[in-house]
Student: 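I have a structure here, written as structure tokens, and I will follow up with some questions on it.
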Amino acid sequence: MRSRTGRRLTIFIAHPSELLTDHRPHGDGLVSFAFLSRLAERGHELHVAAQVVDVLAALPANFHVYELLPGSRLSIWDRLRFMVRMRVLFARLRARVSFDVIHQMNPVFTGMSLVFIGVRTPIVLGTFVPTWQSEADRLDLGRRKRSGVKAMILSGLARLQQARAAGLLIASPAARSRIAQPSRHEGRIFEVPHGIDLTGFPERRAVPARPSVLFLTSVIYRKGIFTLLDAFGEVARAVPDVTLVIAGPGEQWEEVRARVAEMNDGRIRLLGPVDRRDVPALMQAHSVYCLPSYGEPLATSLLEAMACGVPIVATSTGGTPFLLDEAGARLVPPRDPRRLAAALIEVLTSPALQRSMGRHNRRRVEDEFEIERAVDRLEEAYTAVLRADARPSASRGGVNGPGRRTEPVQHGLSVSGRADHDMRL
């Protein structure tokens, strides 16, 4: 597929999340790879700096990946090492490649793009997603509050970082809260929703014969798993043949197992982590997908359930209300087992409602969140940034201007040991 804008760009990508992947259950890594693979298909030249890479797909010659911190655990020191190595990589590449754009993808760690101070190439940040609510984690899990001085320093760095950026991408209007003084950045803020490849998530043909609830996400406190377990007793009394399936990776499986054992309810099944290839069939096999998070910024699993034609019960926090509407979902307050149970019972007891909600979700994904539409929006943002950058810099004639190319870097990647690094840092 060709670029919709008619121009092929050379883009340096900073992927700051701990993993870039096309198959492992990692939201940031999967979302970034979906965008990047489509950009490469459209002919753009990509040089991607990542911490850890686990990709199964064969990458085209214009998609270069550099694994800079294999085995890192995303500590503050790993983040600093990544920044230094990324800057060195960029400097070495720039000796042979003229970049049009530098794009720091999600998560937009505060201050990371400041490593490019002195570089004239326009910088794009995002997509920004809403932050988790401050009370989303329990205090006994060791959540530390930032000191006033530290908060002021981070706020100042964020303001400086955003002021230097030529473009700020937000996944939904809820993410405008991540932009410091957004009124000062009008014209540089672009809404680029996350997308999903519908070919991998076909719409189901019929609703299940028996009522069932699926919880498929990270099994951690802030995803609302214990609120769902609190609600399930009431759901089970109203819908006697209902089942609940809990699946996904997570740090609190032992706590969940203990709680389920106390409930002594044979209708609750614990699957544990699920191979990503099995996710579509698992979604399609259940009456309703439930995600009762305590402040979900933007859940890829919601798009997956929508694509499969499954109704959703979720919480009205973060970016979720911008993905879902009443025709395809029921939104309830977080930490409210009674309201959660009532919404689940409503959907579970009406196959007709399940069908209509599922069809609506599928149509909405097709219209608004299909991956190619999302990449269209990203290309449009790049084009707007370059158009704005060209006006004041037309007389620069200096380093790294748009569209100028020199000798290309030899293709190579570091993916699970299948190829050599382009550069060893």
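Numbers here simply count residues along the sequence, with the first being 1.
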Student: Do R188 and H185 get their side chains close enough for a donor-acceptor pair, meaning under 3.5 Å?
Tutor: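 Present: a donor and an acceptor within the cut-off.
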
Student: Walk me through whether L216 and M283 qualify under side chain to side chain contact (heavy atoms under 4.5 Å, CB included).
Tutor: CA-CA 8 Å; L216 173 58; M283 288 283 190; 4.1 Å; yes

Student: Tell me, yes or no, whether the heavy-atom count around R257 atom CZ, taken from other residues, nucleotides or ligands under 6.0 Å, exceeds 12.
Tutor: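 Atom CZ in R257 is crowded, with more than 12 foreign heavy atoms closer than 6.0 Å.
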
Student: With sequence neighbours excluded, tell me which residues meet side chain to side chain donor-acceptor pair (under 3.5 Å) with R355.
Tutor: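 Result, side chain to side chain donor-acceptor pair (under 3.5 Å) vs R355: none returned.
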
Student: Can you tell if the side chain of L386 reaches within under 4.5 Å of the side chain of L9, non-hydrogen atoms only?
Tutor: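 Yes; the side chains approach each other to less than 4.5 Å.
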
Student: Would you please name every residue forming a salt bridge (Lys or Arg N to Asp or Glu O under 4.0 Å) with D367, sequence neighbours left out?
Tutor: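 Per chain and number, D367 pairs via salt bridge (Lys or Arg N to Asp or Glu O under 4.0 Å) with no residue.
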
Student: Taking all heavy atoms of S287 and all of P211, pick out the closest pair and write down the distance.
Tutor: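 Heavy atoms only, the tightest pair is OG-CA, 3.3 Å.
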
Student: Between E379 and R38, is the closest basic N to carboxylate O distance under 4.0 Å?
Tutor: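 No salt bridge links R38 with E379.
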
Student: Could you check whether any side-chain N or O of R204 sits under 3.5 Å from a backbone N or O of H286, counting only pairs where one atom can act as donor and the other as acceptor?
Tutor: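 Yes, because the side chain of R204 sits within donor-acceptor range (under 3.5 Å) of the backbone of H286.
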
Student: For F232, enumerate each residue passing the ring-ring contact (aromatic ring centres under 6.0 Å, His included) test, keeping only those at least two apart in sequence or located in another chain.
Tutor: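 F232 satisfies ring-ring contact (aromatic ring centres under 6.0 Å, His included) with no residue once adjacent residues are dropped.
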
Student: Do V365 and N361 have side chains that approach each other closer than 4.5 Å (heavy atoms only, starting at C-beta)?
Tutor: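 No, side chains not in contact.
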
Student: Side chain of D22, backbone of A57: donor and acceptor closer than 3.5 Å?
Tutor: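 Flag set: sc D22 to bb A57 pair under 3.5 Å.
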
Student: When rounded to the nearest 0.5 angstrom, what is the spacing between CG in L331 and CD1 in I312?
Tutor: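 Atom-to-atom, L331:CG and I312:CD1 are 9.0 Å apart.
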
Student: So, do D78 and R81 sit near enough that their side-chain heavy atoms are less than 4.5 Å apart?
Tutor: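 In short, these two side chains touch, coming nearer than 4.5 Å.
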
Student: Taking Q354 for the side chain and V347 for the main chain, is one N or O donor matched with an acceptor at less than 3.5 Å?
Tutor: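 Confirmed, Q354 side chain pairs with V347 backbone.
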
Student: When the ring centroid of F99 is compared with that of F90, is the distance short of 6.0 Å?
Tutor: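 Yes, the ring centres sit under 6.0 Å apart.
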
Student: Under the side chain to side chain donor-acceptor pair (under 3.5 Å) rule, collect the residues that match up with E326, sequence neighbours excluded.
Tutor: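 E326 satisfies side chain to side chain donor-acceptor pair (under 3.5 Å) with no other residue.
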
Student: Using only heavy-atom distances, determine whether the side chains of R178 and Q162 contain a donor-acceptor pair under 3.5 Å.
Tutor: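 No, because no side-chain N or O of R178 sits under 3.5 Å from a partner of the opposite role on Q162.
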
Student: When rounded to the nearest 0.5 angstrom, what is the spacing between CZ in F35 and CZ in R377?
Tutor: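 Between atom CZ of F35 and atom CZ of R377 there are 10.0 Å.
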
Student: Evaluate the ring planes of Y66 and H47, with Trp represented by its six-membered ring, and classify them as parallel (under 30°), tilted (30 to 60°) or perpendicular (over 60°).
Tutor: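 Judged by the thresholds at 30° and 60°, the geometry between Y66 and H47 is parallel.
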
Student: Please determine whether a side-chain nitrogen of the Lys or Arg among R8 and E45 lies less than 4.0 Å from a carboxylate oxygen of the Asp or Glu.
Tutor: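 No, R8 and E45 are not salt-bridged.
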
Student: Considering only heavy atoms from C-beta outward, does the side chain of S212 approach that of V242 to under 4.5 Å?
Tutor: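 A side-chain contact is absent here, since even the closest heavy-atom pair is not under 4.5 Å.
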
Student: Evaluate Q51 against L68 for side chain to side chain contact (heavy atoms under 4.5 Å, CB included), listing each step before the verdict.
Tutor: CA-CA 5 Å; Q51 296 196 57; L68 302 186; over 6 Å; no

Student: Please walk me through it: do H44 and D100 pass side-chain hydrogen bond (donor to acceptor under 3.5 Å, both in side chains)?
Tutor: CA-CA 10 Å; H44 302 293; D100 298 295; over 6 Å; no

Student: Who are the side chain to side chain donor-acceptor pair (under 3.5 Å) partners of E191, not counting sequence neighbours?
Tutor: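 With sequence neighbours excluded, E191 shows a side chain to side chain donor-acceptor pair (under 3.5 Å) to no residue whatsoever.
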
Student: Looking just at side-chain N and O atoms, do T127 and H194 make a donor-acceptor pair shorter than 3.5 Å?
Tutor: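 Yes, side-chain donor-acceptor contact under 3.5 Å.
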
Student: Mind listing the closest non-hydrogen atom pair of V192 and L169 along with its distance?
Tutor: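 Scanning both residues completely, I find the closest heavy atoms to be CG2-CD2, 4.1 Å.
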
Student: Indicate every side-chain donor-acceptor pair of residues 101-117 with a distance under 3.5 Å to a residue at least two apart or in another chain.
Tutor:
| from | atom 1 | to | atom 2 | distance (Å) |
| --- | --- | --- | --- | --- |
| H103 | ND1 | Y382 | OH | 2.7 |
| H103 | NE2 | G126 | O | 2.5 |
| Q104 | OE1 | S113 | N | 3.1 |
| Q104 | OE1 | Q161 | NE2 | 3.4 |
| N106 | ND2 | D28 | OD1 | 2.8 |
| S113 | OG | Q161 | NE2 | 3.2 |

Student: How far apart are the closest heavy atoms of A49 and F12, and which atoms are they?
Tutor: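 Answer, listing the atom of A49 first, then F12: CB-CZ, 4.0 Å.
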
Student: By side-chain contact (heavy atoms from CB on, under 4.5 Å), which residues pair with R339, not counting sequence neighbours?
Tutor: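 R339: side-chain contact (heavy atoms from CB on, under 4.5 Å) contacts with V332, P333, D336.
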
Student: Could I get the full list of side-chain contact (heavy atoms from CB on, under 4.5 Å) partners for E370, not counting sequence neighbours?
Tutor: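 E370 satisfies side-chain contact (heavy atoms from CB on, under 4.5 Å) with L198, E372, R373 once adjacent residues are dropped.
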
Student: Tell me every residue that passes side-chain contact (heavy atoms from CB on, under 4.5 Å) with A238, counting only those two or more places apart in sequence or in another chain.
Tutor: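 Only I345 meet the side-chain contact (heavy atoms from CB on, under 4.5 Å) criterion with A238.
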
Student: Under the 3.5 angstrom rule, does the side chain of D54 hit a backbone N or O of T21 as a donor-acceptor pair?
Tutor: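 No, the answer is negative, given that no donor and acceptor are paired below the 3.5 Å cut-off.
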
Student: Heavy atoms only: give me the nearest L20-V55 pair and the separation to one decimal.
Tutor: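 It is O-CG2, 3.9 Å.
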
Student: State the CD1-CG distance between I246 and L214, to the nearest 0.5 angstrom.
Tutor: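 It is 10.0 Å, given to the nearest 0.5 Å.
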
Student: Going by side chain to side chain donor-acceptor pair (under 3.5 Å), name the residues that satisfy it together with T315, two or more places apart in sequence or in a different chain.
Tutor: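 With sequence neighbours excluded, T315 shows a side chain to side chain donor-acceptor pair (under 3.5 Å) to no residue whatsoever.
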
Student: Enter the distance from R210:CZ to R267:CZ here, rounded to the nearest 0.5 Å.
Tutor: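 Between R210 CZ and R267 CZ, I get 10.0 Å after rounding to 0.5 Å.
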
Student: What do the steps show when you test L353 against R330 for side chain to side chain contact (heavy atoms under 4.5 Å, CB included), and what is the final call?
Tutor: CA-CA 11 Å; L353 188 59; R330 294 293 180 265; 4.0 Å; yes

Student: Dump the intermediate steps for side chain to side chain contact (heavy atoms under 4.5 Å, CB included) on S293 and W132, then the final yes or no.
Tutor: CA-CA 10 Å; S293 294; W132 284 91; 4.1 Å; yes

Student: Using a 3.5 Å distance criterion without hydrogens, assess whether the side chain of E304 forms a donor-acceptor pair with backbone atoms of I196.
Tutor: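 Not a single qualifying donor-acceptor pair exists.
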
Student: Return the CG to OG distance between L59 and S37, rounded to the nearest 0.5 Å.
Tutor: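 Result: 9.0 Å between the selected atoms.
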
Student: Tell me the closest heavy-atom pair linking A40 and F63, and the distance in Å.
Tutor: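 Nearest pair, atom of A40 first, then F63: CB-CD1, 3.9 Å.
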
Student: With sequence neighbours left out, write down each residue that passes salt bridge (Lys or Arg N to Asp or Glu O under 4.0 Å) with R164, or none if nothing qualifies.
Tutor: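 Partners of R164 under the salt bridge (Lys or Arg N to Asp or Glu O under 4.0 Å) test: none.
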
Student: Say you draw a straight line from CG of D325 to CE of M357; how long is it, rounded to the nearest 0.5 Å?
Tutor: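 Rounded to the nearest 0.5 Å, the CG-CE separation comes to 9.0 Å.
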
Student: Can you pull out every side chain to side chain donor-acceptor pair (under 3.5 Å) where at least one residue sits in residues 227-246? Sequence neighbours excluded, please.
Tutor: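 For residues 227-246: T227-Y294, D230-R259.
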
Student: Could you check whether S32 and H15, counting side-chain N and O atoms only, form a donor-acceptor pair closer than 3.5 Å?
Tutor: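 Yes.
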
Student: For A34 and I371, which heavy atoms make the closest approach, and how far apart are they?
Tutor: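 That closest heavy-atom pairing would be CB-CD1, 3.9 Å.
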
Student: Do the side chains of E296 and K223 get close enough for a salt bridge, i.e. N-O under 4.0 angstrom?
Tutor: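 Judged by the 4.0 Å cut-off on N to carboxylate O distance, E296 and K223 do form a salt bridge.
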
Student: Keeping the roles fixed (side chain from R24, backbone from D275), state whether a donor-acceptor pair exists under 3.5 Å.
Tutor: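 Such a contact is absent between R24 side chain and D275 backbone.
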
